[in-house]
Amino acid sequence: MIILISWSGEMKQVERAVILAAGLGTRLKWLTHGRPKALMQVAGLPAIAHVIRSLVRQGVRDIAVNVHHHADQMRAFLGDGAHFGCRISISYEPVLLDSGGGVKQALTLLPGDGPFAVWNADVLSDIDVQAMTTLLPEAGVVIALVANPAHHPDGDFVLDHAVVRAGGDERFTFSGVSVWHPDGFAADNVGDVYSLTVPMRARIAEGRCAGVLHRGQWFDIGRPRDLMQANRMMGS
């Protein structure tokens with residue numbers, strides 16, 4: 001039996017976050033030829049503005065955003081974060097580091113040593129990252145899962161009484177939102193290219209990956225149809 005190792009000591013609030021915004025947005029096709037996916041408009045605001053506002057409402061004050069595609073547009077829009085009520089640092093990737101490598105580099109720009117959230121810039125949701133910390137294992141991660149969308153019917157992981165497992169029958173989809181213990185990336189090197197699923201699956205194998213099933217608002221705007229649906233639902 002795998003037993004999650006709880007975080008010893010006093011639980012800290014999530015005050016730091018990495019937003020992954022460096023992707024090329026190829027699934028959105030022509031829509032991202034002239035601007036990055038994170039600046040796609042949803043309900044009158046760029047998608048990343050919704051993500052930042054959600055994090056700031058939850059008490060996050062320091063955010064690092066990784067950028068690559070149309071990086072100058074991202075820098076111009078984000079600034080130093082003051083107009084969002086937070087501090088924003090830009091983690092530029094001249095060569096894409098993939099999601100895991102992007103997080104590892106961006107972490108070097110964040111102050112403090114507490115838990116941190118990782119949120120995909122193309123995911124719009126009301127997921128509560130502060131509530132997720134109550135399950136955070138020592139040197140591990142808590143991931144938010146959602147019901148499998150039409151474009152991903154087979155799901156990713158099994159959720160067994162708040163423990164995430166790689167194998168099993170009833171699978172759910174990773175939402176693109178996670179909360180990490182500060183030691184969760186300790187074994188990785190800055191500059192390495194790797195997916196976020198690499199440390200995630202390593203934590204699963206160790207029994208250090210907890211999960212929550214989110215049943216609230218969730219949009220992945222990585223496809224034109226999903227972008228249009230988010231605009232309809234969030235603009236109403």
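Along the sequence shown, residues are numbered consecutively beginning with 1.
Of the possible donor and acceptor atoms, one in the side chain of N148 sits under 3.5 Å from a partner among the backbone N and O of P153. One N or O on the side chain of S175 and one on the backbone of A144 form a donor-acceptor pair closer than 3.5 Å. Remark: the backbone N or O of Q217 is paired with a side-chain donor or acceptor of S125 at under 3.5 angstrom. At distances below 3.5 Å, at least one donor-acceptor pair connects side-chain atoms of H68 with backbone N or O atoms of E93. Looking only at distances, no side-chain donor or acceptor of R75 sits under 3.5 Å from a matching main-chain atom of I90. No donor-acceptor distance shorter than 3.5 angstrom exists from the side chain of D62 to the backbone of P111, with no hydrogens or angles considered. Side chain of Q130 to backbone of V14: a donor-acceptor contact under 3.5 angstrom is found.
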Apply side chain to side chain contact (heavy atoms under 4.5 Å, CB included) to residues D220 and D122 and explain how you reach the verdict. CA-CA 6 Å; D220 175 354; D122 57 359; 3.7 Å; yes

Taking it one step at a time, do V56 and R61 satisfy side chain to side chain contact (heavy atoms under 4.5 Å, CB included)? CA-CA 6 Å; V56 170; R61 293 293 174 262; 3.6 Å; yes

Test side chain to side chain contact (heavy atoms under 4.5 Å, CB included) applied to R171 and D154, step by step: CA-CA 7 Å; R171 303 170 75 85; D154 295 331; 5.7 Å; no

Could you walk me through whether W180 and V18 pass the side chain to side chain contact (heavy atoms under 4.5 Å, CB included) test, one step at a time? CA-CA 11 Å; W180 293 77; V18 174; over 6 Å; no

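The distance from atom CD1 of I63 to atom OG of S89, rounded to the nearest 0.5 Å, is 10.0 Å. To the nearest 0.5 Å, atom CG of residue L196 and atom CZ of residue R201 are 11.0 Å apart. Separating the NE2 atom in H214 from the CZ atom in F172 is a distance of 13.5 Å, to the nearest 0.5 Å. Interatomic distance, S178 OG to M132 CE, rounded to the nearest 0.5 Å: 6.5 Å. Residue E15 holds its CD atom at 9.0 Å from CZ of R87, rounded to the nearest 0.5 Å. Separation of atoms CG (D113) and NE2 (H181) is listed at 9.5 Å; rounding is to 0.5 Å.
Taking the six-membered ring for Trp and thresholds of 30 and 60 degrees, F116 and F185 have ring planes inclined between 30 and 60 degrees apart.
You'll find the side chain of V42 stays beyond 4.5 Å of the side chain of F219, heavy atoms only. Side-chain contact between L45 and R53 is present, with at least one heavy-atom pair separated by less than 4.5 Å. Taking the side chain as every heavy atom from C-beta outward, W119 and S54 approach each other to under 4.5 Å. Two residues are said to be in side-chain contact when any heavy atoms from C-beta on lie closer than 4.5 Å; Q13 and T133 fail this criterion. Contact annotation: the side chain of D188 approaches that of P199 to within less than 4.5 Å [non-hydrogen atoms, C-beta and beyond]. Residues V51 and L124 have side chains in contact (heavy-atom distance under 4.5 Å, counting atoms from C-beta outward). Side-chain atoms of Q58 and D128, non-hydrogen and from C-beta on, do get closer than 4.5 Å to each other. Between K104 and L97, every side-chain heavy-atom pair lies at or beyond the 4.5 Å cut-off.
Across all non-hydrogen atoms, the minimal contact from P137 to A210 is CG-N, 4.2 Å. Across R16 and P182, no two heavy atoms sit closer than the pair NH2-CB, 4.3 Å. When all heavy atoms are compared, the tightest approach of A166 to F157 is CA-CD2, 4.5 Å.
I88 and Y92 end up in the same hydrophobic cluster when Ile, Leu, Val, Met, Phe, Trp and Tyr side chains are linked at under 4.5 Å. V65 and L109 sit in two unconnected hydrophobic clusters of ILVMFWY residues. Membership requires side-chain heavy atoms under 4.5 Å apart, directly or through other members. V163 and V158 are members of different hydrophobic clusters when ILVMFWY side chains are connected at heavy-atom separations under 4.5 Å. Clustering ILVMFWY residues whenever any of their side-chain heavy atoms sit less than 4.5 angstrom apart, transitively, puts I143 in the very cluster that holds L213.
Partner of L20 under the side chain to side chain contact (heavy atoms under 4.5 Å, CB included) criterion, out of N66, V67, D98: N66 alone.
A salt bridge links D160 to R165: one of the charged nitrogens lies within less than 4.0 Å of a carboxylate oxygen.
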